[in-house]
Amino acid sequence: MTGPSLANLWGRKAGGLSSFERYSDALKSSGIIWDDRALDGWLTDPQRMVPDNDMPFEGIKDAGVRADLLAFLKEATKPGAPQQTTQQGGMKGMGGMMGGGGHDPNLKSLEPAKRVKAITYCHDTYRVTTADGKTRPFWERNLRFMTDSSQDGPEKGAPAIMPAGMMGDRAAVIFAAPEEITKMIEARC
Ligand code: HEM
């Protein structure tokens, strides 16, 4: 979700998916149609091929590695290819090491330990109570508040808590909508 879907990539116009709302002007106006050659150039050095694009990726200099990746992508993105979910599954144990962008498909049917019931705020500490009855403290700068308004996001009024980082001291609370955030946080010691 940081970047656009790559489904049916070959033959697509660069920056052309209406489902992705964060394309750079640079990519949208590049005039590129994705094919073997264009993708090889993009993956060698995205900033050189499309200056000022928004993909934070330094590129792959090894031509053999690029060829392997493109062969894989061509197969995985062709029309009718099964949706890949291995990466999401594989990332679970890593607790959002990739920057908290990990996309859990099941925020509507979570175990009680991940369903947030209440949040209090006292001095520099949030205390998060989950549906299993446990309450955990977080230093205020270690708890992030996010929204997911998509069909994969949480039910309205039922935010989810997901671990972030590797030490277990950080987490993200994901709400269905921004107006739920301050409503849920009660200033109380
Ligand atoms: C080998 C790894 C990667 C491949 C094969 C890849 C492939 C692509 C392709 C083909 C596009 C253009 C899609 C289109 O025109 O609809 C694109 C755009 C984009 N990708 Fe990647 N990408 C990779 C890594 C990453 C990473 C690591 C990030 C972010 C952490 C990222 C974020 C984005 C973003 C934000 C865009 C839109 C760029 C813009 O509008 O200027 N990509 N990617």
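Remember, it's 1-based here, ligands and their atoms both numbered in the order they're listed.
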- Those residues that, when tested against E58, pass salt bridge (charged side-chain N to carboxylate O under 4.0 Å, His left out) (two or more places apart):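 Result, salt bridge (charged side-chain N to carboxylate O under 4.0 Å, His left out) vs E58: none returned.
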
- Query: Which atom pair, heavy atoms only, marks the closest approach of I119 to F145?
  - Reply: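 Smallest heavy-atom distance, with atoms named: CD1-CE2, 4.1 Å.
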
- Message: Let me confirm one number: the CZ-OG1 distance from F175 to T182, rounded to the nearest 0.5 Å.
- Response: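 One finds 9.0 Å between CZ of F175 and OG1 of T182.
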
Write none if no such pair exists; otherwise list each N/O atom of ligand 1 with its protein N/O partner under 3.5 Å and the distance.
from     : atom 1 : to  : atom 2 : distance (Å)
ligand 1 : 15 (O) : G15 : N      : 2.8
ligand 1 : 15 (O) : W34 : NE1    : 2.8
ligand 1 : 16 (O) : R12 : NH2    : 2.7
ligand 1 : 16 (O) : Y23 : OH     : 2.6
ligand 1 : 40 (O) : S24 : N      : 2.7
ligand 1 : 40 (O) : S24 : OG     : 3.4
ligand 1 : 41 (O) : S24 : OG     : 2.5
ligand 1 : 41 (O) : D54 : N      : 2.7

- Any side-chain heavy-atom pair from F138 and T125 closer than 4.5 angstrom?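 In short, these two side chains do not touch, never coming nearer than 4.5 Å.
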
- Message: For the residue pair Y121 / E186, report whether a side-chain donor-acceptor contact shorter than 3.5 Å exists.
- Response: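 E186 vs Y121: no donor-acceptor pair found between side chains.
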
- Task: Identify whether the distance between the nearest side-chain nitrogen and carboxylate oxygen of K74 and D36 falls below 4.0 Å.
- Result: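 Looking at K74 and D36, the cut-off is met.
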
